[in-house]
2 protein chains.
Amino acid sequence: MNDEIFTKHSLKRTHSRIEILSVLEKSQSPLTAEEIFKLLRKRDVDLSTIYRTLNSFVDANIIKKEINNNKENIFSIIKEEDKHILVCTKCHKRVEIAGCPYHEANEKIEQETGFLINDHTTEIYGICPDCQKIKL
Amino acid sequence: MNDEIFTKHSLKRTHSRIEILSVLEKSQSPLTAEEIFKLLRKRDVDLSTIYRTLNSFVDANIIKKEINNNKENIFSIIKEEDKHILVCTKCHKRVEIAGCPYHEANEKIEQETGFLINDHTTEIYGICPDCQKIKL
DNA sequence: ATGCAAATGCAAATCGTTTGCATTTATATA
DNA sequence: TATATAAATGCAAACGATTTGCATTTGCAT
């Protein structure tokens, strides 16, 4: 299954990592480390391994860590639709960024306001590092 | 000074709270509880009080709690420019929301990409709770 | 000025997370 | 396919940020 994701970040394709990633992929909402632990069928993965794995995944930009309304640390897969575009207003270069937290942010807003959010801007305007170097 | 903010949330206007709020307001960037503790001039406020106060402020929607790149919990004032508008695509009602995390999110993006962000959409489109109740 | 609930300081407890170490496992190479 | 080696894991112990209990103090309404 999800083979590349491991090799891509030079992470070994181990039982624990496959299971943890699978749990996160199947989940509709972000999970705490403890929840992942409980969801792992036989609980055959040690909690410390879960924490180590989650940290690896965060560092590899595969998942992101946030705080929920209950002040717990939660983890969730960075999905394709979470990716946004940075547009340089000078050279018009377009750069894709991963792990943009807007999606999460919007979920929070939905929870807090009862709104059903359909859309939001996915382009962010600014000046890229290259153009910042050019004097005017 | 900032009198209403306390009465508004029925929080007593105490020395600790005034000091902590002041530190957060003066700070250009989000702070950890420990940093706030160290910034308090005479460190005359107990760490436990700082934590209790920060929790009160978060609950009262005066500040927000997030995770920085170093995986520490950080707190920052919810500023006016952090507020965004929810626009209902059915009834065109406009609702202001406080504590929208886009601003923080953008700061993170700036750090990670080197981009200087100038602008982003402040209107979010969806369906408000009232319109969700109306059958079509 | 008085009373009372809320807030505080202090010390101790809690609990989510990390770490050390011996053992196991995945992957590269012969 | 067998072998070597670094990486990953489980377990138990440690850690440290945050919370809590309790006696005392403080803010605020009356």
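Here is the naming used below: chain letters follow the sequence lines, and residue numbers restart at 1 for every chain.
Comparing C:dT18, C:dG16, D:dT18 against the side chain of A:Glu34 picks out C:dG16 as the nearest.
The side chain to side chain contact (heavy atoms under 4.5 Å, CB included) test applied to A:Glu34 returns A:Thr32, A:Phe37, A:Lys38, A:Leu47, not counting sequence neighbours. In this structure B:Glu72 satisfies the side-chain hydrogen bond (donor to acceptor under 3.5 Å, both in side chains) test together with B:Asn68, sequence neighbours excluded.
Between B:Leu11 and B:Ala60 the shortest heavy-atom distance is CD1-CB, 4.5 Å. In this structure, B:Pro30 and B:Glu35 approach most closely via the heavy-atom pair O-OE1, 4.1 Å. When all heavy atoms of A:Phe57 and A:Arg17 are compared, the pair lying nearest together is CZ-O, 3.9 Å. Of all heavy-atom pairs between A:Ile77 and A:Ile63, the closest is CA-CG2, 4.1 Å.
For A:Ile67 and C:dT17, the CD1 to C1' distance is 14 Å, given to the nearest whole Å. The separation between B:Phe37 atom CZ and D:dT18 atom P is 13 Å, rounded to whole Å. Going from atom CG of B:Leu54 over to atom P of D:dA17 covers 15 Å, rounded to whole Å. A:Phe6 has its CZ atom 15 Å from the P atom of C:dA28, to the nearest Å. If you take CD of B:Glu72 and P of C:dT17, they are 15 Å apart, rounded to a whole angstrom. Rounded to an integer number of Å, the gap from OH of A:Tyr51 to C1' of D:dA8 is 19 Å. D:dG16 atom C1' lies 16 Å from atom NZ of B:Lys71, rounded to whole Å. Rounded to an integer number of Å, the gap from CD of B:Glu35 to C1' of D:dA17 is 14 Å.
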Review item, nucleotides 6-9 of chain C N/O atoms under 3.5 Å of protein N/O:
| unit_1 | atom_1 | unit_2 | atom_2 | d |
| --- | --- | --- | --- | --- |
| C:dA6 | O4' | B:Lys12 | NZ | 3.1 |
| C:dA7 | OP1 | B:Arg17 | NH1 | 2.8 |
| C:dA7 | OP1 | B:Arg17 | NH2 | 2.8 |
| C:dA7 | O5' | B:Arg17 | NH2 | 3.4 |
| C:dT8 | OP1 | B:Thr14 | OG1 | 2.7 |
| C:dT8 | OP1 | B:Ser16 | OG | 3.2 |
| C:dG9 | OP1 | B:Asp44 | O | 2.9 |
| C:dG9 | OP2 | B:Asp46 | N | 3.0 |
| C:dG9 | OP2 | B:Thr49 | OG1 | 2.4 |
| C:dG9 | N7 | B:Arg52 | NH2 | 3.1 |
| C:dG9 | O6 | B:Arg52 | NH2 | 3.1 |

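Regarding contacts with the backbone of D:dA17, every side-chain N or O of B:Asn73 stays at 4.0 angstrom or more from both OP1 and OP2.
Helix bend of the helix from C:dA1-D:dT30 to C:dA30-D:dT1: the angle between its two end axes, each built from five pairs, comes to 50° after rounding to 10°.
B:Thr7 places a side-chain N or O within 3.5 Å of a backbone atom of B:Glu4 that can act as its donor or acceptor partner. Judged purely by atom type and a 3.5 angstrom limit, A:Thr53 uses its side chain to pair as donor or acceptor with the backbone of A:Thr49.
Sorted by first and then second residue, the salt bridge (Lys or Arg N to Asp or Glu O under 4.0 Å) pairs involving residues 44-59 of chain B (not counting sequence neighbours) are A:Lys71-B:Asp59.
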